[in-house]
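Notes to accompany the following structure.
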Amino acid sequence: MSQKYNREYYFNTVTRESRWEPPAARDQKLGAKHILVKHEGSRRPSSWREEHISRTEEEAVAKINSILQRLISKDNPERLEDIAAVESDCSSAKRGGDLGLFEPGAMQKPFEDAVLGLKVGKLSGPVKTESGVHIILRTR
Ligand SMILES: N=C(N)NCCC[C@H](NC(=O)[C@@H]1CCC/C1=C/[C@H](COP(=O)(O)O)NC=O)C(N)=O
């Protein structure tokens, strides 16, 4: 309890840092599965499925949107893992798009911000990073 401000605060005995907000959210590992569609402006415009990726960013967004429709379709929704294995330009495609658990700060900020903005089990809309355009499913 802080005498000066008469309110509870949190003290980390290892790092010896203190802060007002509870440690929970910021330090917890996150989990996500994703589908990445790269384009000519990606930081590494190459992948296991295509050596030289030349689609435009606009075409990548269009591809991501058509994949989104397959995931949320009413009559026969497909699983993200199945589409990732065929369509994702990330090496995680081999694991159904699963990135496993990762620390805050491990992924590019737009990706991490999108994950933090999702409830567990929810799907994002198109998310842009330097890698390309993603659809993200938060798993933890
Ligand atoms: N810690 C774990 N599990 N692995 C390291 C992740 C490094 C991280 N990666 C990303 O942020 C991109 C966007 C989200 C997923 C991701 C995957 C990229 C996308 O492909 P690339 O643009 O690299 O060719 N492939 C691997 O890194 C980064 N800080 O660059």
Side-chain angles (χ1 to χ4, degrees):
M1 178 61 89
S2 153
Q3 306 309 334
K4 186 175 175 191
Y5 297 100
N6 188 31
R7 59 181 277 205
E8 245 180 23
Y9 69 97
Y10 297 85
F11 180 71
N12 182 319
T13 53
V14 176
T15 62
R16 309 197 63 68
E17 65 162 9
S18 56
R19 57 181 180 217
W20 295 118
E21 65 278 357
R26 275 198 329 186
D27 300 352
Q28 284 250 319
K29 284 203 169 186
L30 302 169
K33 295 181 178 178
H34 77 135
I35 294 170
L36 168 59
V37 176
K38 292 188 175 184
H39 51 76
E40 60 188 357
S42 291
R43 68 179 182 182
R44 197 172 66 86
S46 171
S47 75
W48 63 275
R49 66 190 302 277
E50 200 174 350
E51 192 174 357
H52 299 292
I53 294 172
S54 57
R55 67 171 70 87
T56 63
E57 182 175 345
E58 196 180 7
E59 287 165 337
V61 172
K63 181 173 178 181
I64 277 286
N65 280 324
S66 64
I67 289 171
L68 260 175
Q69 291 313 311
R70 293 165 61 187
L71 292 168
I72 62 176
S73 99
K74 293 269 181 295
D75 38 18
N76 63 332
E78 296 176 59
R79 294 174 64 247
L80 180 137
E81 295 82 350
D82 299 333
I83 300 179
V86 174
E87 302 293 353
S88 182
D89 283 315
C90 178
S91 53
S92 60
K94 302 285 172 268
R95 298 185 301 282
D98 198 351
L99 291 166
L101 297 181
F102 50 89
E103 300 283 343
M107 302 299 175
Q108 291 164 64
K109 190 150 178 19
F111 188 93
E112 178 178 308
D113 289 347
V115 172
L116 290 170
L118 290 168
K119 287 189 169 56
V120 172
K122 294 298 180 190
L123 207 56
S124 75
V127 174
K128 292 182 183 177
T129 69
E130 287 174 23
S131 296
V133 190
H134 310 251
I135 295 170
I136 305 167
L137 173 67
R138 181 172 184 177
T139 56
R140 173 162 154 175

Just how far is it from atom [atom1] of [X] to atom [atom2] of [Y], taken to the nearest 0.5 Å?
{"X": "Arg16", "Y": "Phe11", "atom1": "CZ", "atom2": "CZ", "answer": "4.0 Å"}
{"X": "Leu36", "Y": "Ser42", "atom1": "CG", "atom2": "OG", "answer": "6.5 Å"}
{"X": "Leu71", "Y": "Ile83", "atom1": "CG", "atom2": "CD1", "answer": "4.0 Å"}
{"X": "Ile67", "Y": "Leu80", "atom1": "CD1", "atom2": "CG", "answer": "9.0 Å"}
{"X": "Thr129", "Y": "Asp113", "atom1": "OG1", "atom2": "CG", "answer": "12.0 Å"}
{"X": "Lys109", "Y": "Leu116", "atom1": "NZ", "atom2": "CG", "answer": "8.0 Å"}

Going by heavy atoms in the side chains, are [X] and [Y] under 4.5 Å from each other?
{"X": "Tyr9", "Y": "Met1", "result": "no"}
{"X": "Lys29", "Y": "Glu103", "result": "yes"}
{"X": "Pro45", "Y": "His52", "result": "no"}
{"X": "Leu30", "Y": "Arg138", "result": "yes"}
{"X": "Phe111", "Y": "Leu99", "result": "yes"}
{"X": "Asn6", "Y": "Gln3", "result": "no"}
{"X": "Ile35", "Y": "Ser88", "result": "yes"}
{"X": "Arg95", "Y": "Lys33", "result": "no"}

In terms of hydrophobic clusters joined by side-chain contacts under 4.5 Å, are [X] and [Y] together?
{"X": "Ile136", "Y": "Leu68", "result": "no"}
{"X": "Leu118", "Y": "Met107", "result": "yes"}
{"X": "Ile72", "Y": "Val37", "result": "yes"}

Taking every non-hydrogen atom, the tightest pair across [X] and [Y]:
{"X": "Thr139", "Y": "Ala32", "value": "OG1-N, 3.1 Å"}
{"X": "Lys63", "Y": "Ser66", "value": "O-OG, 2.8 Å"}
{"X": "Pro110", "Y": "Val127", "value": "O-CG1, 3.8 Å"}
{"X": "Lys38", "Y": "Ser46", "value": "NZ-O, 2.9 Å"}
{"X": "Ala85", "Y": "Trp48", "value": "O-CH2, 3.4 Å"}
{"X": "Val115", "Y": "Gly31", "value": "CG1-O, 4.4 Å"}

Handout entry: Heavy-atom neighbours of Glu130 CD exceed 12 at 6.0 Å
Key = no
Problem - Residue pair Ser124, His134: steps toward the side chain to side chain donor-acceptor pair (under 3.5 Å) verdict - result: CA-CA 8 Å; Ser124 75; His134 310 251; over 6 Å; no
Practice task
Check step by step if side chain to side chain contact (heavy atoms under 4.5 Å, CB included) holds for Arg43 and Ser131.
Solution key: CA-CA 5 Å; Arg43 68 179 182 182; Ser131 296; 3.4 Å; yes
Problem - CA sep, side-chain torsions, deciding dist, call: Ser92, His34, side chain to side chain contact (heavy atoms under 4.5 Å, CB included) - result: CA-CA 8 Å; Ser92 60; His34 77 135; 3.2 Å; yes
Exercise for the section: From the options Asp89, Val61, Val133, select the one residue that forms a side-chain contact (heavy atoms from CB on, under 4.5 Å) with His39. Expected result: Val133
